[in-house]
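Count residues from 1 along the sequence. We count ligands from 1, going down the list as the structure has it; atoms in each ligand are counted the same way. This structure is a prediction, so every number in the text was calculated from the model and none was measured.
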Amino acid sequence: MGHSGETPRLGAARLSPGTPEDAGSRWTTEAVVQCERLSKRFGSTLALDSVDLAVPAGQMLAVLGLSGSGKSTLLRSFNGLVTPSEGRVKVLGCEVTSANSEHLRTLRRQVGFIFQQFGLVGRICVLENVLAGALGRVKYPRFGVLSYPRRLRLEAIGHLERVGLADRAFQRADTLSGGQQQRVAIARALMQRPVLLLADEPVASLDPESSAAVMELMLRISREDNLTVIASLHQVELARGWADRLIGLRDGRVVADAKPDEMNEQRLSEIYRRVAEGKMDGPPAPANAFTTALAG
Ligand SMILES: Nc1ncnc2c1ncn2[C@@H]1O[C@H](COP(=O)(O)OP(=O)(O)OP(=O)(O)O)[C@@H](O)[C@H]1O
Ligand SMILES: [Mg+2]
């Protein structure tokens, strides 16, 4: 049951049965995220090339790949920020490819998005940043912590407690460390009551210790809330440590799909071959067991 004055959710759509044309296809209704033959072209660049993927509820999925392999494009197509050139995308039962703008808005309210650069408003306090995650659930724009209903303020404090930052509630967001800011961004996403969390290189700006803390936090929340998390990452070892499943993109194609312990060097070489050949043309590859092994 929703709170009065709040906007609708996709609950019914999520449980809707498949359409008749789904019969005979691998299109299922159980997956939180599903795409079929998803391609995205930007001019002459094929950013995604016929991607088939189904992500079940509660899964922690890591998306690996060189710079330019299509990771961000894939994540952005899951909340309708990128319109596919071909294929189908279904998220929380909503067919993104054919959804009207109202359905897309409803979908986006339930999909949290975490960015490399945190995306907080630096000059306002931590608590108001978290409350901003509820803007899709309230009817009017809000300015200042006290403009939000008390129950939302209590909820926001609860999320801050969960990420271990309740004591920073009234501190300006830009005075926090990078790792703390990313945890605030997670608290803000939780304020959306997300069913799916997309994280595009959430730890790329963080030191190893803060990176581990952020990934650990997402894992804990995923397990406690059965939250589906899809994160793009450059750190193979980190991905192996927390993900249930890793996929690798190369030139927009899924070239590896494996459990952490099955992501062996052969599969990794499918994803990162240019690194091994010394022809890497993106930013430097992060050091990890794989690149070290290849170098040795
Ligand atoms: N809006 C756009 N317009 C034109 N080309 C784009 C656009 N967005 C992405 N591309 C291209 O699509 C390809 C995939 O880009 P994408 O950002 O998805 O890669 P990525 O794997 O996220 O890379 P990185 O690790 O550097 O973030 C790249 O060749 C990129 O230049
Ligand atoms: Mg990217």
Side-chain angles (χ1 to χ4, degrees), residues 33 35-53 55 60-89 91 96-97 104 108 111-119 178 182 185-186 189 196-206 208 211 214-215 218 229-240 242-243 245-258 263 267-288 290-291 294:
V33 172
C35 58
E36 214 175 55
R37 294 188 299 280
L38 167 64
S39 294
K40 177 63 184 180
R41 194 175 281 286
F42 294 106
S44 60
T45 304
L46 192 54
L48 293 176
D49 184 1
S50 203
V51 173
D52 285 313
L53 185 68
V55 187
M60 295 277 294
L61 174 71
V63 182
L64 304 174
L66 287 168
S67 181
S69 59
K71 302 180 298 298
S72 298
T73 307
L74 185 66
L75 262 56
R76 290 160 61 85
S77 66
F78 294 155
N79 68 350
L81 281 174
V82 160
T83 312
S85 307
E86 280 165 57
R88 300 165 77 186
V89 179
V91 178
V96 182
T97 3
L104 271 182
R108 285 192 192 125
V111 179
F113 210 110
I114 304 287
F115 307 89
Q116 176 180 344
Q117 292 303 335
F118 325 128
Q182 196 59 298
I186 292 170
L196 169 66
L197 188 63
L198 303 172
D200 196 1
E201 296 190 33
V203 299
S205 306
L206 304 180
S211 299
V214 164
M215 296 314 299
M218 287 203 283
V229 178
I230 305 179
S232 69
L233 285 174
H234 277 296
Q235 300 90 330
V236 175
E237 282 314 307
L238 199 59
R240 270 189 174 141
W242 66 267
R245 175 185 178 192
L246 296 84
I247 62 167
L249 288 178
R250 187 184 173 92
D251 298 330
R253 286 186 17 253
V254 177
V255 293
D257 185 344
M263 188 51 94
R267 289 197 167 98
L268 286 167
S269 76
E270 292 292 325
I271 309 171
Y272 295 110
R273 194 154 44 217
R274 274 180 298 171
V275 179
E277 291 166 359
K279 290 188 203 158
M280 171 95 182
D281 57 12
N288 56 47
F290 166 61
T291 46
L294 281 174

Of all the heavy atoms in [X], does at least one lie under 4.0 Å from an atom in ligand 1?
X     : result
Lys40 : no
Ser69 : yes
Arg76 : no

Query raised in the report: Excluding waters, how many protein N/O/S atoms sit closer than 2.8 Å to the Mg ion (ligand 2)?
Result: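 Protein heteroatoms (N, O, S) closer than 2.8 Å to the Mg ion (ligand 2) number 1.
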Query - The one among Ser77, Gly68, Gly70 that brings a heavy atom closest to atom 23 (O) of ligand 1 - result: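 Looking at heavy atoms only, the winner is Gly68.
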Query raised in the report: Which is closest to atom 12 (O) of ligand 1 in terms of heavy atoms, Gly43, Ser72, Ala47?
Result: Ala47
Okay, side chain of [X], backbone of [Y]: is any donor-acceptor separation there less than 3.5 Å?
X      : Y      : answer
Gln182 : Phe115 : yes
Ser39  : Ser50  : yes
Lys71  : His234 : no
Asp49  : Arg253 : no
Ser232 : Glu201 : yes
Lys40  : Thr73  : no

Query - Pairing residues for Ser72 by the side-chain hydrogen bond (donor to acceptor under 3.5 Å, both in side chains) criterion, not counting sequence neighbours - result: Asp200
Query raised in the report: What do you reckon, does Thr45 have a nitrogen or oxygen under 3.5 Å from a nitrogen or oxygen of ligand 1?
Result: no
Query raised in the report: Between Arg267 and Glu270, is there a salt bridge with N-O shorter than 4.0 Å?
Result: no
What are the atoms of ligand 1, with element, lying closer than 4.0 Å to any heavy atom of [X]?
X      : answer
Glu201 : 24 (P), 25 (O), 27 (O)
His234 : 25 (O)
Leu66  : 21 (O)

Query - Side-chain donor-acceptor pair present, Ser205, Gln117, cut-off under 3.5 Å - result: yes
**Report entry** Test log, rule salt bridge (charged side-chain N to carboxylate O under 4.0 Å, His left out), inputs Asp257 and Arg245
**Finding:** CA-CA 7 Å; Asp257 185 344; Arg245 175 185 178 192; 2.9 Å; yes
